[in-house]
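Below is one structure, written out as C-alpha cells, with a few remarks after it.
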Amino acid sequence: MFQSREELERKLAEHHYLIDRNVATVVYLAVKLQKPLLVEGPAGVGKTELAKALAAVTNSRLIRLQCYEGLDEAKALYEWNYQKQLLCLHLKQNQSKSWHEAKDDIFTREFLLRRPLLDALESTEPVVLLIDEVDKSDEEFESFLLEILSDYQITIPELGTIKAKSVPITVLTSNNFRDFGDALKRRCVHLYLDYPTFERELEIIKLKVPGIDQLLSQQLVSFVQLLRKQDIKKPPSIAETIDWARSLLTLCVSRIDADIVQSTLSILLKYQSDIDKILPRVSSLLPED
Amino acid sequence: MLEEKILEFARLLRKGGVNVSVTQVTAAIQAAAAVGLAQEDFYTALLSTLIVDQIDQPLFDKLFRLYFFSLERGVLQKHINHNQHETDEASAVLPLVDSIEGTGTGRGAGASPYLLLVKAVRETNYPLLRRLGEMGIESLGDLEQGAINEIDKLIDQAKVAIGWYQAVNTLEKIRVQEKVSEIRYSKWLECLSYLEKYMESLLEEVLVKKFGYDAIEEIALAANIREKEFYRLDQLEIQEIRKHITKMARKLASRYSRRYRRAKHGKIDLRRTIKNAMINNGTPIRLKYRKRVISKPELILLCDVSGSVAVFSEFMLQLVYTIQNRFSHIRSFLFVNTVDEVTEFFTNNSIEEALEKAFAKARYAMSPFSDYGRVFRLFEKQYLPTFSPQSTLIILGDARNNYRHDERDSLQRIGEQVRRILWFNPQPGDQWNTEDSIIGIYAPYCRQVFECRNLKQLKEVTEAIL
C-alpha cells in the first residue's frame, strides 16, 4: 500500500494532515505489519482525524464504529433481521416444510443485518475500520474484539466462519477514560498522539485558517502552548486553537493583547473553573516581543 | 544478532516492572526489520510495540538510551548522526567555563560556578547547561561499583559542586527583584529540570560504560516502582505512584459496576416477564430478573501516619476516596499516638486538597512515636458506638508499638462491634514480630492481615478485597 514511511507522510500531508516522523513510522508499521493501530492521547489532538485521513489517502471507505457503554455484538457485528424472518415464515406457513428446510430458508445472508465490523470484514473494496473510543465500551466487548482483531475472522453459528477478504487498516482510539485490558493492547501497535509542537501547530493553523497574519498566528499559538502547561482541567485542543484563530480573524484582530484574550478566553477554555484560574493571569502569560 | 538484542532489551524492561509479552517481542522484531536501523525509527518501532501504557515510557526511554547507546555503541553507531553543530556550540563556551573555574582554588566552594549556572539559566543557554552538567559529574571522580545504588546521592553531590542551590536561590531573588514574567520563569524552571535530568542520564551513562550490562540491570531494578517498598520512595516516585493509583482506582470502580449491571440473577421480575411475553404470543420465552440491590458496605479506615507508614496511608486514602461511590459511607481516621477523625475534609475538597488539609489540621500526634494500644483504647471510647455492625474496619499500619501496652482487649471489643477487621501492613513480612512490631498479638482479632509493602501488593490486596 505504501512503499515507505516518507510516501505515507507525503500523502497524508497532501490531504492536509500533518504528522511528525515518529507518528508516520508507527502508522506505517501498523499498515505494514497488518496490526491494528491503537491511538491514545488527550481529546482533540486529531485521533479520529488520523483515521479519516488514512481512508482518504488510501482511497478506502471509512467504516466507523462508535463505542459506548452497553455496545454489544448485535450492534457491532451482525444481527438477524427478526421481523423479516417472521414475515417470511408467515408467508410460507402453508407450504408445510420440514424444520430443516425452514431453518435453511430463514438463516441465510438475506436475513443478516450487517453491522460495522462484519461490514468491514466482508467488504471487497479496501476499507479503513475506525473503532472510536474503545475505552468507553464494556469489558466483554473488548474480549470479543480480541478475536476479530487478532485473526480478522468471525464465526456466525448458522453460516460458519467468515474471514476477511483483505485485512482492513484498523484504527482504535482511546481517551484513557477507562484503562482497558492489556490483552487487547498487546495485539496493537501503539501510538501516543500528544499536543503538537509549536512549529507543527503553527503549520496547522496556516493550513486550516488561510489568510491569518504570520505574527498573529505565532502569538496565538505560543499563548495556547503556554496555556497547556498550566494546571487546568481541560487544556485547549488543536480544534480550539483553530476556532480561536478563526474568531480572531473574524474580529479583525492583528495583535493579541490582554483585553482581547480576556474577552475570547471562553473559546479556548471550556470549564468555568479554568477560566477563573487563568483570567487574572492573562497578562503575565502573554508572549513577550 | 538484532533479535537477541531486542530480546535482551525486553528482559531489561521486565526487570523494570513492565509487562512485555512474547507476542510483543515478535512484533518488535518485525517492526525493527520493517523500518530499518535509523536511530529514530528503530526507537519508534520498539516503543510502539513494547510499551502499552504511557506511564512506562520514561523508563523505556531511559533503558533504551542506556542499552542501545551507552552499552552497545556498535549496534547503532554507524547510523547515528552525531549532532556536530551542538558540540561546536558547547566547546565555544568552554574557555569561559575554564576561566571562571580558574579563579578559585580547585573545585571548592570558592570556585563554585554558580554564577555561570545563573547566567546559563537566564539566557536559557542549553550548551552551557550541558557543559555545567558535565562538570558536575566529573567532580564526582572515580566511581565504585556500589555507586549504582546511590545515584540520587551522587546527583546531589554533583549539584553542590556546580552551586545548584546557590543558583536557585539567586534566581528566586532575581525573579522578585526584576519582576520576571511567568513565561520566562517557566523557561527557567525548564532549564533547571533539564539540567537535573541531563546530569542523571550522564551519570547513568558513566556507570554503564564502566560496569556494563550489570549496571543497566541494577538501574532497571531500581526503577521498578511497582515493587519498590513504600518507605523507600522519593518525592518524584510518589508522584508517579499517585498516577498509578488513580488508574488502578478507575479500573476497580468500573469493573465493579459492570459486573453487577450484567449479573442480574436472583428473583424473577414477574411484571416485566409477562410484559415481555406479549411479543411471543404470551409464551414467556425469556425470563426477566429483578435488579440486584448492591450492598454498599460502610468502610472505616484507621491510618497510622507516623514516619514511614504515612506515605502508604496517603496512597490508601487516595485510592479509597477515588472509588468512594462504591461504599455507602467512608469514615477515615488518622493516628500516631492519638486519633482524630478526618472524614469531613474529604467531603467538599479534591482528594489532594483533602489530604493536605487532613494532615495539617487533624490532631493525631502528641509525640512522633506511634502507640497502638492507646489509640485503640481512645478509638473504642470515642468512636466505636457510632459504627454500624455492617462496617468493615481497615487498619493501616506496621504495628510497631514502641514497646507500649498493646491493649489487645480494646481491639477485641472493636472487632466484635464491626463486621470484620482487615489489617494492611506495609512492613516487609520477614520483619513482622521483630523489635517492637507486635502484629502477631493483634492478628487473632483481625479477619485477615495482609503484607502490603509495594504497589504490586497493594493492587493485589485491593483487587481481592474491595
Side-chain angles (χ1 to χ4, degrees), chain A residues 4-5 20-35 37-41 69-70 72 82 86 135-142 150 174 176-192 194 222-223 225-226 229-230 281-288, chain B residues 18-36 38 40-57 60 179-187 189-190 244 246-255 257-259 261-262 279-280 350 352:
Chain A
S4 64
R5 191 201 68 232
D20 295 333
R21 176 176 170 157
N22 64 329
V23 178
T25 310
V26 181
V27 177
Y28 172 68
L29 273 176
V31 176
K32 176 117 185 170
L33 301 183
Q34 301 199 331
K35 276 177 174 278
L37 175 67
L38 171 61
V39 192
E40 287 185 292
E69 233 177 292
D72 57 10
Y82 175 63
L86 265 188
D135 49 335
K136 294 240 172 82
S137 68
D138 303 324
E139 231 164 63
E140 291 85 350
F141 183 69
E142 213 176 84
S150 51
S174 153
N176 260 328
F177 173 75
R178 164 178 80 85
D179 196 24
F180 59 99
D182 274 357
L184 183 57
K185 283 183 171 181
R186 284 178 207 291
R187 296 258 180 332
C188 303
V189 173
H190 257 250
L191 175 62
Y192 185 79
D194 210 342
S222 66
F223 179 74
Q225 294 259 339
L226 197 64
K229 286 188 195 146
Q230 309 304 313
R281 292 173 46 211
V282 164
S283 50
S284 65
L285 286 171
L286 280 176
E288 295 164 14
Chain B
V18 184
N19 238 327
V20 181
S21 74
V22 181
T23 339
Q24 285 176 286
V25 178
T26 325
I29 292 171
Q30 287 171 342
V35 296
E40 205 178 315
D41 297 340
F42 180 67
Y43 165 84
T44 315
L46 291 198
L47 178 69
S48 63
T49 46
L50 294 176
I51 296 298
V52 298
D53 200 330
Q54 213 45 42
I55 281 182
D56 294 323
Q57 200 188 336
F60 175 90
K179 295 198 178 69
V180 175
S181 73
E182 273 193 57
I183 186 169
R184 283 203 44 204
Y185 184 64
S186 76
K187 281 202 179 120
L189 290 182
E190 248 170 59
H244 278 276
T246 314
K247 233 172 159 177
M248 217 164 96
R250 268 200 313 227
K251 211 169 187 171
L252 274 174
S254 62
R255 175 182 304 168
S257 59
R258 243 195 325 279
R259 195 177 118 213
R261 217 176 321 119
R262 287 284 169 135
I279 299 172
N280 305 315
S350 73
E352 291 81 30

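Order of the sequence lines fixes the chain letters, A, B, ..., with proteins taken first and strands second; residue numbering starts at 1 for each chain.
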Interface moiety of B:Gln30 toward chain A, non-hydrogen atoms closer than 4.5 Å: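 Looking at B:Gln30, backbone and side chain both touch chain A.
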Atom group of B:Leu50 that falls short of 4.5 Å from chain A, counting heavy atoms: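 For B:Leu50, neither part sits under 4.5 Å from chain A.
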Which of B:Asn19, B:Val20, B:Leu47 touches chain A most, by non-hydrogen pairs under 4.5 Å: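 Greatest number of close heavy-atom pairs with chain A: B:Asn19.
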Options B:Asp41, B:Thr23, B:Thr49, B:Val35, ranked by heavy-atom pairs under 4.5 Å with chain A, top entry: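 Ranked by heavy-atom pairs under 4.5 Å with chain A, first place is B:Asp41.
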Rounded to the nearest 0.5 Å, how far does [atom2] of [Y] lie from [atom1] of [X]?
X: B:Glu40; Y: A:Asp20; atom1: CD; atom2: CG; answer: 9.0 Å
X: B:Tyr43; Y: A:Thr25; atom1: OH; atom2: OG1; answer: 11.5 Å
X: A:Arg21; Y: B:Thr44; atom1: CZ; atom2: OG1; answer: 7.5 Å
X: B:Ser21; Y: A:Lys185; atom1: OG; atom2: NZ; answer: 13.0 Å
X: A:His190; Y: B:Asp53; atom1: NE2; atom2: CG; answer: 8.0 Å

Residue part contacting chain B, namely of A:Arg5, when any heavy atom lies under 4.5 Å: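 Contact with chain B involves the side chain of A:Arg5 alone.
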Contacting region of A:Phe223 [heavy-atom separation from chain B under 4.5 Å]: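 Answer is neither: A:Phe223 stays 4.5 Å or more from chain B.
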Which heavy atom of [X] sits nearest a heavy atom of [Y], and at what distance?
X: A:Leu33; Y: B:Ala27; value: CD1-O, 3.9 Å
X: B:Ala34; Y: A:Leu29; value: CB-CD2, 3.8 Å
X: B:Ser181; Y: A:Ser284; value: CB-O, 4.3 Å

For B:Ser48, the option from A:Leu191, A:Val26, A:Leu37 that meets side chain to side chain contact (heavy atoms under 4.5 Å, CB included):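 That would be A:Val26.
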Contact check, side chains of B:Glu190 and A:Lys229, non-hydrogen atoms, under 4.5 Å: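 When only atoms from C-beta onward are counted, A:Lys229 and B:Glu190 do touch, with a gap below 4.5 Å.
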